[in-house]
Amino acid sequence: LRVGHRDSNVWVVCQNIADKETLLRLRLVSPVRTVVIASCGVDTARFSPNGQTNDVSNHRDPIVIMAARLLWDKGVKEFVEAAQILKERGLCAEFWLAGAPDNGNPMCVPEELLNHWHKSGLIRWLGHCDDMPNLLRKVDIAVLPSYHEGVPRFLLEAAATGLPLVATDIEGCRMVVRHGENGFLVPVRDAKALADAIETLLRDPQLRLKMGRASREIAVREFDERKILEQWLRLYERVLAS
């Protein structure tokens with residue numbers, strides 16, 4: 001399964017509709033041999049709510065998390081700026097950033113800057129985290145202000161955990177985030193819009209609960225890894241039949 005060929009023996013798999021449309025528009029692929037399979041799916045048993053996520057009876061401050069490779073084009077700058085904006089507005093919340101610097105990548109966020117943000121109290125930098133299911137069960141809102149994505153695994157895992165989502169209005173994020181249903185979509189590189197969306201959720205615990213339940217339903221219905229595997233098996237059957 002290779003991308004970028006019109007050969008009769010080649011099938012192309014895209015993670016989202018926009019990528020498929022781009023390849024078709026550029027006439028790089030065959031329409032009848034190009035399909036969309038949205039990600040590798042998510043283990044909805046491993047990533048699941050624990051019954052306390054977004055519990056309105058919790059007396060602690062809400063926790064907002066972003067998890068990603070720490071690159072500028074993942075929206076790290078916008079996440080930190082949104083945290084600053086919301087703290088200046090007097091919102092009581094914690095902002096956690098999970099991930100490690102991708103040293104050698106020209107878009108890497110410098111570790112010195114990450115440490116500076118952490119020591120200033122603006123965010124809590126967690127570094128690399130191995131136990132994402134447990135981490136996501138500790139937080140209230142998941143955020144990914146990325147500039148470009150296929151289908152973000154972090155959003156799938158957060159949705160399966162039953163979290164409301166805030167992400168950028170790009171095709172990969174739109175596959176998971178349904179604006180107004182299980183979260184909010186905001187423009188790319190717009191820290192204020194990101195802060196506004198997060199603030200809406202911070203101020204409304206019942207909305208967090210409602211959107212979190214919707215996230216879980218979407219994850220189970222559309223992205224459970226068993227259903228994604230069935231799509232791959234059907235594709236292999238078509239390939240073999242051809």
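The figures here come from the full heavy-atom set of this structure, side chains too, leaving out hydrogens, waters and symmetry mates. Keep in mind the model is a prediction, meaning the values are calculated, not measured.
- Proximity of Phe154 to Met132: side-chain heavy atoms (C-beta onward) are separated by under 4.5 Å at one or more points.
- A distance-only check finds no donor-acceptor pair linking the side chain of Arg33 to the backbone of Val10 [under 3.5 Å].
- The residues Glu217 and Arg178 are annotated as not salt-bridged, no charged nitrogen and carboxylate oxygen being separated by less than 4.0 angstrom.
- Looking at Arg137 and Phe47, their side chains never come closer than 4.5 Å, going by heavy atoms from C-beta outward.
- In the hydrophobic clustering of ILVMFWY residues, with side-chain heavy atoms under 4.5 Å counting as a link, Val239 and Val36 come out apart.
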### Task
Might you work through the side-chain contact (heavy atoms from CB on, under 4.5 Å) test for Thr168 and Leu144, ending with a clear yes or no?
CA-CA 7 Å; Thr168 37; Leu144 186 66; over 6 Å; no
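- Sorted by first and then second residue, the ring-ring contact (aromatic ring centres under 6.0 Å, His included) pairs with a member in residues 173-194 read His179-Phe184; sequence neighbours excluded.
- A distance of 10.5 Å separates CG in Leu122 from CG in Leu86, rounded to the nearest 0.5 Å.
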### Message
If you apply the rule side-chain contact (heavy atoms from CB on, under 4.5 Å), what do you find for Cys14 with Val35, and how did you get there?
### Response
CA-CA 6 Å; Cys14 300; Val35 299; over 6 Å; no
### Message
One pair to check against side chain to side chain donor-acceptor pair (under 3.5 Å): Glu230 and Trp232. What are the steps and the verdict?
### Response
CA-CA 5 Å; Glu230 289 174 1; Trp232 279 102; over 6 Å; no
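- Under a 3.5 Å cut-off, the side chain of Ser120 and the backbone N or O of Trp117 do form a donor-acceptor pair.
- Every residue was checked against the side chain to side chain donor-acceptor pair (under 3.5 Å) condition with Gln15, not counting sequence neighbours, and none meets it.
- Distance check: Leu229 CG to Asp224 CG gives 10.0 Å after rounding to the nearest 0.5 Å.
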### Task
Kindly determine whether Asp43 and Glu225 satisfy side-chain contact (heavy atoms from CB on, under 4.5 Å), including the steps that lead there.
CA-CA 6 Å; Asp43 185 341; Glu225 62 181 7; 3.7 Å; yes
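- Hydrophobic clustering (ILVMFWY, side-chain heavy atoms < 4.5 Å, transitive): Leu235 and Leu233 are in distinct clusters.
- Put simply, the side chain of Lys227 gets close to the backbone of Arg221: a donor and an acceptor are under 3.5 Å apart.
- Here the options are Thr44, Leu163, Leu136, the test is side chain to side chain contact (heavy atoms under 4.5 Å, CB included), and the partner is Glu157; only Leu136 passes.
- A distance-only check finds no donor-acceptor pair linking the side chain of Asp102 to the backbone of Asn105 [under 3.5 Å].
- Summarising the geometry, atom CD1 belonging to Ile37 is positioned 11.0 Å from atom NZ belonging to Lys20; distances are rounded to the nearest 0.5 Å.
- Cluster partners of Tyr147, by chain and number: Ile170, Val188. The rule joins Ile, Leu, Val, Met, Phe, Trp and Tyr whenever side-chain heavy atoms lie under 4.5 Å apart.
- Side-chain contact between Ser48 and Arg216 is present, with heavy atoms from C-beta onward closer than 4.5 Å.
- No path of Ile, Leu, Val, Met, Phe, Trp and Tyr side chains, each step under 4.5 Å between heavy atoms, connects Phe223 with Val220, placing them in separate hydrophobic clusters.
- The backbone N or O of Gly99 sits nowhere less than 3.5 Å from a side-chain atom of His128 that would complete a donor-acceptor pair.
- Between Met66 and Pro145 the shortest heavy-atom distance is SD-CD, 3.7 Å.
- For the pair Val64 and Glu94, the minimum side-chain heavy-atom distance is 4.5 Å or more.
- Annotation for Ile17: atom CD1 does not count as buried by contact number, only 12 or fewer foreign heavy atoms lying within 6.0 Å.
- Atoms OG1 and NZ, on Thr161 and Lys138 in that order, are 13.0 Å from each other to the nearest 0.5 Å.
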#### Entry: Intermediate values then yes/no, salt bridge (charged side-chain N to carboxylate O under 4.0 Å, His left out), Arg189 and Asp73
CA-CA 9 Å; Arg189 302 175 190 261; Asp73 56 357; over 6 Å; no
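- Asp196 places no side-chain N or O within donor-acceptor distance of the main-chain N or O of Val186, the cut-off being under 3.5 Å.
- Under a hydrophobic clustering in which Ile, Leu, Val, Met, Phe, Trp and Tyr are joined whenever their side-chain heavy atoms come within less than 4.5 Å, directly or via other members, Leu97 and Ile63 fall into the same cluster.
- Around NZ of Lys87, the count of heavy atoms belonging to other residues, nucleotides or ligands within 6.0 Å exceeds 12.
- Side-chain contact check for Thr200 versus Asp204: every heavy-atom pair is 4.5 Å or farther apart.
- Exactly one residue among Glu171, Lys74, Met175 makes a side chain to side chain contact (heavy atoms under 4.5 Å, CB included) with Glu149. That residue is Lys74.
- For the pair Leu114/Val109, a side-chain contact is recorded, criterion being any heavy-atom separation below 4.5 Å from C-beta on.
- In this structure, Val151 and Val176 have side chains that are in contact, with non-hydrogen atoms separated by less than 4.5 Å.
- Both Leu185 and Ile218 are assigned to one and the same hydrophobic cluster, defined by single-linkage of ILVMFWY side chains at heavy-atom distances under 4.5 Å.
- The shortest distance between side-chain heavy atoms of Ile65 and Val143 does not fall below 4.5 Å.
- Within the 3.5 Å criterion, the main-chain N or O of Gly150 finds a donor-acceptor partner in the side chain of Asn16.
- The CD1 atom of Ile141 sits 4.0 Å away from the CG atom of Leu202 when rounded to the nearest 0.5 Å.
- Across all non-hydrogen atoms, the minimal contact from Thr34 to Ser30 is OG1-O, 2.6 Å.
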### Task
For Gln84 and Val80, run side-chain contact (heavy atoms from CB on, under 4.5 Å): C-alpha distance rounded to whole Å, both residues' side-chain angles, the deciding distance at 0.1 Å, then the answer.
CA-CA 6 Å; Gln84 179 67 53; Val80 175; 5.8 Å; no
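- Considering CG of Asn103 and SG of Cys108, their distance stands at 4.5 Å, rounded to 0.5 Å.
- Contact detail for Pro62 and Cys92: the closest heavy-atom pair is CD-O, 3.4 Å.
- Under a 3.5 Å cut-off, the side chain of Arg124 and the backbone N or O of Trp96 do not form any donor-acceptor pair.
- Judged purely by atom type and a 3.5 angstrom limit, Arg46 has no side-chain atom pairing as donor or acceptor with the backbone of Pro133.
- Annotation for Leu194 and Ala82: closest pair CD2-CB, 3.8 Å, computed over non-hydrogen atoms.
- We find that Arg25 and Glu21 are not joined by a salt bridge, their nearest charged nitrogen and carboxylate oxygen being 4.0 Å or further apart.
- At distances below 3.5 Å, not a single donor-acceptor pair connects side-chain atoms of Asp169 with backbone N or O atoms of Pro187.
- Taking each heavy atom of Ala197 and Val166 in turn, the nearest pair found is CB-CG1, 3.8 Å.
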